[in-house]
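Let me begin by presenting the structure, written as structure tokens, before commenting on it.
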Amino acid sequence: MTNSISTPDTSDTPIRVRIAPSPTGDPHVGTAYIGLINYLYARQRDGKFVLRIEDTDRTRFVATSEQEIFHSLRWLGLTWDEGPDLGGPYGPYRQSERTEIYRQHVELLLANGTAYRAFETPEELEALRQRQIAAKLPPRYDGGHRQLSQLQIDAYLAEGRPFVVRMKVPAGQTTFRDELRGDITFDHNNVDDQVLMKSDGFPTYHLANVVDDHLMHITDVIRAEEWISSTPKHVLLYNAFGWAIPRFWHMPLLRNLDKSKISKRKNPVSLIYYRQAGFLPEAMINFLGLMGGGMPAPTAELTPAQPAATKSSETDIFTLPDMVTRFDVKNIRLGGPVFDLTKLKWLNGEYIRALTPEAFYKALRDTILSDAYLQQIAPLIQTRVETLGEFGNLTHFLFADDIMPPSEVFIPKKRTIEDALAFAAEQLTVLEATDWTHEALEPALKQLGEAQQWSVKENFMLLRAILTGSTMSPPLLESMIVFGKSRTLDRVRRFLETQKKLANTKK
RNA sequence: GGCGUCAUGGUGUAACUGGUUAACACGCCGCCCUCUCAAGGCGGAGAGUACGGGUUCGAUCCCCGUUGACGCUACCA
């Protein structure tokens, strides 16, 4: 069987696009990037921009994440027309509230034979994978329970044995059109019998995204390139339901300096970080608009007599409304753009300098010098100053961007630099995984210290040195909480990164 | 390993989709301004368009191959 699709005739159906972030952590720059493209696409066509929360992974769910996503997107000016907070005609917009819908749709697939129940345990599947890897075979579900007899299925069901529902991928191949690249074909040998519904009753991304996109009348799926490989599964699902297929646009992935997919280990990716570190939303959204092209050069309409528009202000600097009028999806470049902090900072500087003195002052008061921030800091130092003028002596590290302790400050006596750096890396891992509260941080760090035979003093001193640049500071944990998780983690990562470079140049 | 995608200076982009000394911005270097540092102004180095073949009078642009990078290969998204 061969599936091939043509672009649906949606010329007179209203354009509807969506972003579907997953509330599994801090809001991500990649979400903002894809959000921006979707936003522009909708605004340019009088379409609707929908926000849908993909919270089907209960193991990675982070309770505060959804609010942070809302906040960050609004901060950037990417406002949506329908979403969990706004409602809309095709809600609910939170997938965890749509489980009954998915369950019904899975029944449909089970009934028409395009899906089946599989009863293997995760352990069995892992064992299968190991065997395949050992035999140098591509790790893939072997379709073991594809032809379970009805008798067998009923027996398992009667036992109450947990099961997943898998897609029954037929032989053949699927071709779909990517609006930016043209036709892409996958042989079904390379398409797994994907799990559609997990044993906890929640759908996987693949099922939920297809069902929701259809039910929400999404006309254009604009998402990141990493989804190309699973698009055949989605096409197969649309076909299994007998639904029309939306247009697919796969945007290039944002990259680290080394060209790998952007990641927190190598680059700040949290939008919270950028907000707290004092980046202006105008600069951030402008910078994102620079990624992947899409903004045509403004020189086209100039006559030769005029000097070409060579000022950076005419080529690299533009607002969100500018993008709505000028951005062109057909101009998008497919090479993965490096998210270059250096240029972002330059751009941010341009925006800061363009502010009126009043606006600049207000920006400071709204962020780095906000009452809320200062109010949290004050109690940390009250007993430690003798004059108010000493405020800065003790809080410098909370207002500075570059903190780098000299080696004699951060290396504990009786420890080598290698030990200290290795332990700091462990601290980073622990901090990443810990809730940002005193009650969670203290035992987590102490536990690490015990495991590695580091005294509490050595342990906390090292972290203090990294964060404050000094051996003397307000209480460590409280300071970290005030400073914020994303900036604290960034500081530790930058410390490790710098020390690694230093070590390399010494060799 | 398999499958897929991509490829213009260090980085982001431009080059009427075949005709340019390959342009602009960031970064870097130098000079000017200046009490310092920024900002600003001026100038400079840095790619011959991953490589190799075609097609063409002519390829950054079209075709093929190679290489490299990246992504996917989960009861994660």
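Residue numbering restarts at 1 for every chain, and letters A, B, ... go by the order of the sequence lines.
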_Quick check for you: among B/rA77, B/rA74, B/rU11, whose closest atom lies nearest to any side-chain atom of A/Asp57?_
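It is B/rA77.
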Say whether, by atom type as modelled, one donor and one acceptor occur between the side chain of A/Lys485 and the main chain of A/Glu432 under 3.5 angstrom.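 Checked: pair present.
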Tell me whether A/Asp178 contacts the main-chain N or O of A/His250 through its side chain, where contact means a donor paired with an acceptor under 3.5 Å.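 Present.
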On a whole-Å scale, what distance lies between the [atom1] atoms belonging to [N] and [M]?
N	M	atom1	value
B/rU17	B/rC32	C1'	43 Å
B/rU66	B/rC3	P	12 Å
B/rC61	B/rU56	C1'	13 Å
B/rU5	B/rG65	P	12 Å
B/rU11	B/rU55	P	33 Å
B/rG41	B/rA47	P	26 Å
B/rA59	B/rG19	C1'	9 Å
B/rC64	B/rG27	P	40 Å

[X] near the nucleic acid: base, sugar-phosphate alone, or nothing, with a heavy-atom cut-off under 4.0 Å?
X	value
A/Thr59	nothing
A/Arg60	base
A/Arg140	nothing
A/Leu125	base
A/Pro337	sugar-phosphate
A/Met197	nothing
A/Val195	sugar-phosphate
A/Thr121	base
A/Phe202	nothing
A/Glu126	nothing

Requested in this report: Kindly assign one of parallel, tilted or perpendicular to the pair A/Tyr90 and A/His217, based on the angle between their ring planes and the thresholds 30° and 60°.
Outcome: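 Correct class here is tilted.
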Partner nucleotide, any strand, of [N] [Watson-Crick/G-U, under 3.5 Å]:
N	answer
B/rC26	B/rG10
B/rC35	none
B/rA59	none
B/rA15	none
B/rG65	B/rC51
B/rU73	B/rG1

- Task: Please state whether the base of B/rC75 and the side chain of A/Ser199 form at least one donor-acceptor pair under 3.5 Å?
- Result: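 By the distance-only test, yes, there is a pair.
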Check: Does any N or O donor sit under 3.5 Å from an N or O acceptor when you compare the side chain of A/Thr342 with the base of B/rG27?
Finding: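 There is none.
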What integer distance in Å separates [X]:[atom1] from [N]:[atom2]?
X	N	atom1	atom2	result
A/His145	B/rC75	NE2	P	14 Å
A/Asp193	B/rC75	CG	P	11 Å
A/Phe176	B/rU5	CZ	P	8 Å
A/Leu334	B/rG4	CG	C1'	13 Å
A/Ile332	B/rG12	CD1	C1'	15 Å

Exercise. What about A/Tyr41 and A/Trp249, are their ring centers closer than 6.0 Å?
Worked result: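 For A/Tyr41 and A/Trp249, the ring centres are under 6.0 Å apart.
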A/His214 ring center within less than 6.0 Å of A/Tyr238 ring center: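 For A/Tyr238 and A/His214, the ring centres are not under 6.0 Å apart.
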query = Taking the chi torsion of B/rG46, is it syn (within 90° of 0) or anti (everything else)?
reply =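 Classified anti.
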Pick the closest RNA chain B nucleotide for A/Phe186 and for A/Asp192 by heavy atoms, then say which residue is nearer the 5' end.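 Closest to the 5' end, via its nearest nucleotide, is A/Phe186.
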Among A/Tyr205, A/Phe186, A/Phe176, which residue satisfies the ring pair (Phe, Tyr, Trp, His ring centres under 6.0 Å) criterion with A/His234?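 Testing A/His234 for a ring pair (Phe, Tyr, Trp, His ring centres under 6.0 Å) against A/Tyr205, A/Phe186, A/Phe176 leaves exactly one candidate, A/Tyr205.
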Checklist entry - Is there side-chain contact between A/Tyr93 and A/Arg98, with at least one heavy-atom pair below 4.5 Å? => result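 A/Tyr93 does not reach A/Arg98 side chain to side chain.
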